[in-house]
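To start, the structure under review is shown below, and the notes come after it.
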Amino acid sequence: MCLGVPARIVAIADAGRMLAVADILGVRREVNISCIADPDAPLTDEIGRWVLVHVGFAVSRVDEAEAQATLDMLHQIGEAEGERGHLRASLLA
Amino acid sequence: MKFVDEFRDPAQVRALLARIGRLVDRIGGTRDRPVTIMEICGGHTHAIFRFGLHRLTPEGLEFVHGPGCPVCVLPMARVDDCVELAQRPGVLLTTFGDAVRVPGTRGSLLQAKADGADVRIVYSPLDALELARRTPGREVVFFALGFETTMPATAAAVLQAEREGIANFTLFCNHITVPPPLRALLQDPDMRLDGFVGPGHVSMVIGTEPYRFIAEEFHRPVVVSGFEPADLLQSVAMVLEQIAQGRAAVENQYARVVRPEGNPRALALMDRVFEPRDRFEWRGLGEIDSSGMRMRERYAAFDAERKFGVGYGAGRARPAPESDGCRCGDVVKGAMKPPACPLFGTACTPQSPVGALMVSSEGSCAAYHQYAGLREAAE
Ligand code: SF4
């Protein structure tokens with residue numbers, strides 16, 4: 001549970017609550033971006049950027065190459081599938 | 001070296017292993033008296049086993065698995081409190097997937113669920129908050145656990161609940177911090193650790209400064225590391241280099257993600273909501289000063305311990321004993337390897353764990369159980 005998962009921000013869901021929609025391992029869900037968003041720029045600037053998400057919270061920005069390397073590693077150690085399972089199990093649909 | 005070809009960059013891995021071999025020789029590590037390096041983070045433990053790094057490195061070097069898995073170090077008494085909370089009428093208990101399987105003295109949350117308690121797995125504390133929004137008639141308790149990596153998310157959920165005036169959401173806070181148990185391990189006269197590989201994602205939040213005491217007071221090197229095999233091997237080489245040169249400093253191998261100052265906004269969020277408890281119990285390590293967090297008085301309305309009178313709030317007198325024969329404590333301290341536990345692989349397996357170290361894939365017993373035999377069988 002301590003591994004951060006790289007995700008790409010694809011939309012802003014609720015600017016007031018600092019929520020963006022991120023693509024995490026092919027699953028889309030809301031993540032809080034209050035700790036990484038640039039306070040002087042519009043939130044929509046975040047769209048397309050890569051972040052490291054930990055339990056629904058973006059803790060750090062990462063560049064795309066780093067994100068890809070981490071994703072490869074998650075697949076290799078077999079954590080990607082489990083993480084996707086957690087994501088799907090709790091989408092609260 | 002048979003498996004080196006599987007890595008993304010076999011040439012780099014081979015070069016790092018050669019460098020590690022030379023350094024271990026220079027330091028004089030042997031099979032009987034190896035250089036011991038503790039990887040603090042459970043994610044690193046998992047990666048070391050998965051990639052078989054402990055098999056590729058020389059005999060004169062030993063990995064000691066640290067206390068860095070929050071599920072594994074959660075004491076029985078806190079699990080019992082949580083089970084008790086889950087069984088109260090009207091309570092909907094939410095937590096992460098790993099946490100529901102941790103055994104307490106009266107079973108796990110999963111067993112409580114089978115017995116009729118409403119226990120739900122969520123991916124994020126923000127999902128627990130959403131459940132509270134959707135079910136105003138229920139008391140939604142989030143069983144919060146984790147190190148500094150998870151803490152900003154739970155802090156954000158509490159602040160959001162406050163902003164929206166959500167009155168049926170509370171946290172049962174079991175957050176813990178990384179530096180105090182390291183101090184406790186370094187002060188233990190039985191421990192012999194020559195250096196540390198520091199956690200990557202915790203450090204993303206707290207930065208590298210909090211490890212300075214390890215170098216300055218205890219003269220042990222610390223290298224904050226990424227999670228790729230090459231990252232880990234490079235970090236080990238950096239630790240060994242410091243030892244060989246008689247130095248002890250905090251270095252950052254994961255600088256592409258970890259900043260020395262961490263994430264100041266995440267730290268500010270945490271600080272707003274949480275403060276250190278005087279003491280907090282760790283499974284296997286006992287009570288450690290200032291190692292656990294609780295919610296500040298200002299957020300008492302969102303604190304399950306205060307609202308429901310459980311845990312430290314209820315003045316629990318003594319820690320709950322571990323199961324018979326369970327050696328989790330010795331393993332967490334690095335004093336014993338998992339297979340030496342009499343229950344390992346027999347009474348205690350990932351399918352039916354007796355001790356917490358068998359529960360999460362980041363626990364050293366689970367990692368040993370899953371991977372230790374695998375490569376031997378393949379060789
Ligand atoms: S085998 Fe089970 S009981 Fe023994 S140390 Fe590991 S987790 Fe604890």
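Convention: sequence-line order gives letters A, B, ...; per-chain numbering from 1.
Only the side chain of B/Arg8 has a heavy atom closer than 4.5 Å to any heavy atom of chain A. With a threshold of 4.5 angstrom between heavy atoms, B/Glu228 approaches chain A through its backbone and through its side chain. A/Val59 touches chain B through backbone and side chain together, each having a heavy atom under 4.5 Å away.
Here the shortest heavy-atom pairing between A/Gly56 and B/Leu126 reads O-CD1, 3.5 Å. Scanning both residues, B/Asn263 and A/Cys35, for their nearest heavy atoms gives ND2-O, 3.3 Å. Between B/Phe227 and A/Met73, the closest heavy-atom pair is O-SD, 2.9 Å. Between B/Met204 and A/Leu52, the shortest heavy-atom distance links the atoms SD-CD2, 3.5 Å. For the pair B/Ala156 and A/Asn32, the tightest heavy-atom approach, listed with the atom from each and the gap, is CB-ND2, 4.1 Å.
Here the CG atom belonging to A/Asp63 is positioned 8.5 Å from the CZ atom belonging to B/Arg256, to the nearest 0.5 angstrom. Here the straight-line distance linking atom NE2 of A/His54 with atom NE2 of B/His201 works out to 9.0 Å at 0.5 Å rounding. Taking CZ of A/Phe57 as the reference point, atom OG1 of B/Thr154 lies at 9.0 Å (rounded to 0.5 Å).
Highest contact tally toward chain B, considering only A/Val62, A/Ile36, A/Leu74, is held by A/Ile36 [criterion: heavy-atom pairs under 4.5 Å].
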**Request:** Show your working on salt bridge (Lys or Arg N to Asp or Glu O under 4.0 Å) between B/Asp127 and A/Arg29 and close with a plain yes or no.
**Result:** CA-CA 11 Å; B/Asp127 293 344; A/Arg29 67 151 288 144; 2.9 Å; yes

**Asked** Where do B/Tyr123 and A/Ile24 land on the side-chain contact (heavy atoms from CB on, under 4.5 Å) test, with the steps shown first?
**Response** CA-CA 12 Å; B/Tyr123 165 75; A/Ile24 313 175; 3.8 Å; yes

**Item:** Stepwise side-chain contact (heavy atoms from CB on, under 4.5 Å) check, A/Val55 with B/Phe96
**Value:** CA-CA 9 Å; A/Val55 298; B/Phe96 302 128; 3.4 Å; yes

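Inter-residue side-chain proximity for A/Arg17 and B/Arg163 is flagged as unmet; no heavy-atom pair is nearer than 4.5 Å. Annotation: side chain of B/Arg265 is in contact with side chain of A/Pro39 (closest heavy-atom distance under 4.5 Å).
Other residues, nucleotides and ligands place no more than 12 heavy atoms under 6.0 Å from the CZ atom of B/Arg272.
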